[in-house]
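Working notes, beginning with the structure itself.
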2 protein chains.
Amino acid sequence: MNCPQLKLENQLCFPLYAASKEITRRYAPYLEPLDLTYTQYIVMLVLWEEKKCNVSELGKKLFLDSGTLTPLLKKLEAKGYIQRTREQSDERCLSVSLTAEGESLKRKAASVPKSMASCVNLSEPEAKTLYTLLYKVLDGLEVP
Amino acid sequence: MNCPQLKLENQLCFPLYAASKEITRRYAPYLEPLDLTYTQYIVMLVLWEEKKCNVSELGKKLFLDSGTLTPLLKKLEAKGYIQRTREQSDERCLSVSLTAEGESLKRKAASVPKSMASCVNLSEPEAKTLYTLLYKVLDGLEVP
DNA sequence: CTGTATTTGATTGTATACAATTCAATTTTA
DNA sequence: TAAAATTGAATTGTATACAATCAAATACAG
């Protein structure tokens, strides 16, 4: 049974999956001094921008659900980077905000993106094209 | 502290990470009738092509290590799709091969790629460009 | 030939991921 | 306004991922 569409090299999903994993793995050495994993890092990226965010908002932005975020946020709290407090107006909502330590971590993180960019062997226009196409895929998936 | 390079929207890694996860998630409904997860599916893709493969070869092709593959291959064996046998010439090597059932599963899988392609909202040239750029990233990472 | 080095999978430990379910708080509705 | 529906996190269960380590088999140097 000859099936070219089932060849690994003919899949678009596979380089996407592999590149994502490999890139994430390359982040580890740069994030270790910050005591962050990659997923914890992108949560901190949101908080450095927003200051305050509840779990569902984080989930929407990062494409993560509460089953991933709840334990992860507890770890960030244990590290002293964030606070978790129930919102007064709606006790169902858990508000996540930075501690002073979490805020000051931003300074140490400032060099991470440049370090990582140097790992990725793309020209500026190529990176831009890739970025655009990936968001097109993501947006196209939004409504199933 | 204003830090544009730390904005989520300025990261290339993030849409890569998110798109990969979302695409993988979209595979589930199509793979469920085959009783395969996404990772199990890409292992089967290799085996449908190669017939026979040892663990380290699978790992190289799929960017996975033995910590992921060993339990996964045991599950595929438990489902009856593959056989795991030590190679006679080198007892360290575990040879993975298809059973008749695993081979015949290929027929049921033949329609999966087309179904998935319809989920991805890219034109043919866009998909090709994305593919090329992703492999360029992967190849650029090969040697750290 | 033998002791050391290397190779190969397996194991262990930590950290995601996500579906499905639960539970409590809030909102809607009959 | 009391019951129903909805919402938002947390929990449970299953499946990856990968670093680090281990043990067995093999290769290889002297």
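In this text, all values refer to a predicted model and were calculated from it rather than measured experimentally. Reminder, nothing fancy here: chain letters follow the sequence lines and each chain counts from 1. Just so you know, these numbers use all the heavy atoms, side chains as well, and skip hydrogens, waters and symmetry mates.
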Using a cut-off of less than 4.0 Å, is there contact between a side-chain N or O of [X] and OP1 or OP2 of [N]?
X      : N       : answer
S56(B) : dG9(C)  : yes
T37(B) : dT14(D) : no
N54(A) : dG8(D)  : no
K74(A) : dT11(D) : yes
R86(A) : dA10(D) : yes

Is it the case that dA9(D) (base atoms only) and T70(A) (side chain only) share a donor and an acceptor within less than 3.5 Å, ignoring hydrogens and angles?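 Absent.
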
What I want to check is whether an N or O donor and acceptor connect the side chain of S66(A) with the base of dA10(D) at under 3.5 Å.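 Yes, the side chain and the base share a sub-3.5 Å donor-acceptor pair.
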
Indicate yes or no: at least one non-hydrogen side-chain atom of K106(A) is less than 4.5 angstrom from one of M44(A). no

Would you say [X] has more than 12 foreign heavy atoms packed within less than 6.0 Å of its [atom1]?
X      : atom1 : answer
K61(A) : NZ    : no
K79(A) : NZ    : yes
K51(B) : NZ    : yes

Once you apply a heavy-atom cut-off of 4.0 Å, does S89(B) come out as touching a base, just sugar-phosphate, or nothing? sugar-phosphate

Within the structure shown, what part of the strands sits under 4.0 Å from T39(B) by heavy-atom distance: base, sugar-phosphate, or nothing?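 Contact class for T39(B): sugar-phosphate only.
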
Please report the closest heavy-atom contact between L6(A) and A109(B), naming both atoms and the distance. CD2-O, 3.6 Å

When you match D65(A) and L69(B) each to their closest nucleotide on DNA chain C, which lands nearer the 5' end? L69(B)

Hey, which sits more toward the 5' end of DNA chain C by its nearest nucleotide, Q88(A) or L64(A)?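 Counting from the 5' end, the first nearest nucleotide belongs to L64(A).
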
Using whole Å, report how far [atom1] of [X] lies from [atom2] of [N].
X      : N       : atom1 : atom2 : result
R25(B) : dA15(D) : CZ    : C1'   : 15 Å
L31(A) : dA19(D) : CG    : P     : 14 Å
Y38(B) : dC18(C) : OH    : C1'   : 16 Å
K75(A) : dA10(D) : NZ    : P     : 14 Å
L36(A) : dA15(C) : CG    : P     : 12 Å
D35(A) : dT14(C) : CG    : P     : 14 Å
R92(A) : dT6(D)  : CZ    : C1'   : 8 Å
Y17(B) : dT16(C) : OH    : P     : 9 Å

Given that T68(A) and E22(A) both sit by DNA chain D, which one's nearest nucleotide is further toward the 5' end? T68(A)

Measure from the side-chain heavy atoms of V55(A) and tell me the nearest of dA17(C), dT26(D), dA9(D). dA9(D)

Between E22(B) and R25(B), is there a side-chain N and carboxylate O pair less than 4.0 Å apart? yes

